[in-house]
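Written out below as structure tokens is the structure these notes cover.
Remember, predicted model here, so these are calculated numbers, not experimental data. Residue numbering restarts at 1 for every chain, and letters A, B, ... go by the order of the sequence lines.
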Amino acid sequence: MLSRANLLKILSALVLCGAWELAGRVPVSYAFPTFLDSMQAFFEMIGNGMMLAAYKETLRPLVIGIMISAVLGIGLGLWVGLNNFFDWLFSPIFIVMQAAPLAALIPLLVLAYGIGLTSKVLVVCIMAMPVIVLNTSGAVRNTPESFKEMGKSFLASRTSVLLRIVIPAASPVIFAGLRLGISAGFIGAILAELKITPTGVGDIITYSRSIADYPSMYAAIFSIILLAVLFLNLLEKIETILFKGNQRGYVSD
Amino acid sequence: MAMSQIKEAPNHIEVVGSDSAVSVRNITKNYGEVEALRDMSLEFPRGQLTSLLGPSGCGKTTLLKIIAGLLLPTSGYVEVNGKTVQGPGPDRAFVFQDFALLPWATVLNNVAFGLEMRGVAKSEREAIAEKYIGDVGLSGFEHSYPHELSGGMRQRVGLARALSVDADDLLMDEPFSAVDEQTRRKFQEDLLNLVQNENKTFIFVTHSIEEAVYVSDQIAILLPRPSRVSEIIRPSSFRNKGVDNIRRDPEYLDIVDDIWSSLRTYVE
């Protein structure tokens with residue numbers, strides 16, 4: 001039996017697909033295909049192996065970039081959050097990174113790192129990392145003082161205070177940052193493929209647009225959104241397993 | 001009057017009968033320009049409950065945190081069992097005003113936290129924690145999360161955590177101020193039994209005059225700006241008359257009145 005929450009999720013997906021189908025049939029624009037046409041193109045591309053080949057290409061910078069952003073971002077965020085000097089040193093960099101118009105800066109990256117994997121990974125990182133770092137550092141800095149005092153008075157070492165109190169207390173906000181960062185990373189991966197060299201999913205989008213095969217173009221866009229949604233749901237499951245009490249609100253409320 | 005009041009000058013150290021579990025010696029604490037505590041000295045007799053009572057801003061919580069080793073004094077020192085306090089130690093356990101329970105941990109894990117930090121093995125610390133959860137009347141709630149409990153039950157968890165590490169001294173920072181009146185009365189009665197049955201020294205911060213007189217063997221009245229000990233009161237006669245009779249004992253009522261008349265000028 002499906003839970004109410006899952007039922008609502010399915011319902012909202014159905015509404016969205018229905019609206020897409022309607023908008024395609026009106027049509028809103030000649031360049032906007034119906035949902036069913038797009039799905040047909042989607043399954044065709046899965047069938048003929050094009051999708052798989054494209055994702056082999058796209059997932060490489062995406063996965064590498066997200067891994068680097070998550071590990072380095074949380075690490076740096078903890079460091080920045082726990083130490084005022086590093087806060088002063090690093091926070092401005094990430095604020096600038098977050099606000100920078102990345103598309104305009106890509107030519108600079110290409111100039112410095114070429115058109116290969118490095119540039120694409122960098123684009124993913126620049127999109128994903130700032131929000132992860134800033135959320136982590138903010139959450140760590142806002143650990144309730146009485147939790148830390150409790151830890152110290154019960155003889156927790158500095159490491160124990162960090163691992164048993166500061167990180168669990170910060171985890172809801174850290175995970176919120178991860179969710180935002182990873183979604184931005186997906187955008188970054190496609191942006192890199194559109195702006196640097198057309199490979200993978202970006203190639204499908206560019207190529208199908210150039211030959212006016214709009215169903216394929218939208219199928220490619222749909223596939224990346226689907227993947228992002230599935231991944232974010234997985235992340236939510238991981239959070240629930242790791243930090244069970246987070247779902248249950250805070251005591252001081 | 002039957003009550004024995006010991007008035008003392010703030011700088012004078014008075015050793016009262018039995019030996020002291022905790023001695024505060026000439027503690028001064030400044031926050032920048034602000035003088036929170038000035039040259040404060042105080043003795044806490046072993047096995048008894050001493051209240052720190054005073055209007056808000058008199059530095060009673062600051063003093064408690066210095067005794068706990070959570071804050072460093074600007075000058076002066078604290079001795080616990082003859083040893084100078086350098087930081088938190090296994091001889092002291094703290095009960096927090098806002099409970100300070102970890103919301104992601106079950107009651108069992110919250111109570112066992114102190115034991116875990118002391119390196120007690122899992123099965124052993126869970127057995128000890130379960131015993132103290134039972135002692136504070138929370139059997140059956142071991143696997144509940146703090147937010148599922150009422151305010152009073154949460155503070156019982158905080159108390160069980162402090163008791164489970166079996167420290168000599170229990171430091172309580174307004175532990176009952178966040179619970180409702182009826183629960184608080186029950187807590188005060190339980191606390192009297194605790195003082196009698198456990199061989200521990202209690203340091204109890206409160207802003208309630210009635211509460212201080214009800215539970216204390218010794219009451220230190222703190223006055224603000226700068227904070228100092230103005231008076232030490234040792235109620236003598238009503239302690240053994242049973243919990244039900246304390247509140248109508250004439251000495252109890254006299255002490256409550258006396259304290260109020262000396263504090264009222266400091267309350268805006």
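Here the closest non-hydrogen pair linking A:Ile165 and B:Trp104 is O-CH2, 3.5 Å. Here the closest non-hydrogen pair linking B:Phe96 and A:Ser153 is CZ-OG, 3.7 Å. The two residues B:Pro103 and A:Phe147 come nearest to each other via the heavy atoms CD-CZ, 3.6 Å. The shortest heavy-atom contact between B:Asp98 and A:Ser146 is OD2-OG, 2.9 Å.
Here the CZ-CG distance, from A:Arg164 to B:Leu102, works out to 7.5 Å after rounding to the nearest 0.5 Å. Between atom CG of residue B:Leu70 and atom CD of residue A:Glu145 there is a gap of 9.5 Å, rounded to the nearest 0.5 Å.
For B:Lys200, the NZ atom counts as densely surrounded, since its 6.0 Å shell holds more than 12 non-hydrogen atoms of other residues, nucleotides or ligands. Within 6.0 Å of CD on B:Glu181 lie more than 12 heavy atoms contributed by other residues, nucleotides or ligands. In A:Phe90, the CZ atom is crowded: over 12 heavy atoms of neighbouring residues, nucleotides or ligands sit closer than 6.0 Å. Counting heavy-atom neighbours within 6.0 Å of B:Arg185 CZ, excluding the residue itself, gives a total of 12 or less. The environment of CZ in A:Arg60 is sparse: at most 12 heavy-atom neighbours from other residues, nucleotides or ligands sit within 6.0 Å. The neighbour count for B:Asn197 CG, taken as heavy atoms of other residues, nucleotides or ligands under 6.0 Å away, is above 12.
With a threshold of 4.5 angstrom between heavy atoms, B:Arg161 approaches chain A through its backbone and through its side chain. Contacts between B:Glu116 and chain A at a heavy-atom distance below 4.5 Å involve the side chain alone, from C-beta outward. Heavy-atom distances place the side chain of B:Phe113, and not its backbone, under 4.5 Å from chain A.
Counting heavy-atom pairs under 4.5 Å between each of B:Gly89, B:Gly87, B:Gly69 and chain A puts B:Gly89 at the top. Counting heavy-atom pairs under 4.5 Å between each of B:Lys65, B:Met117, B:Arg92, B:Gln97 and chain A puts B:Met117 at the top.
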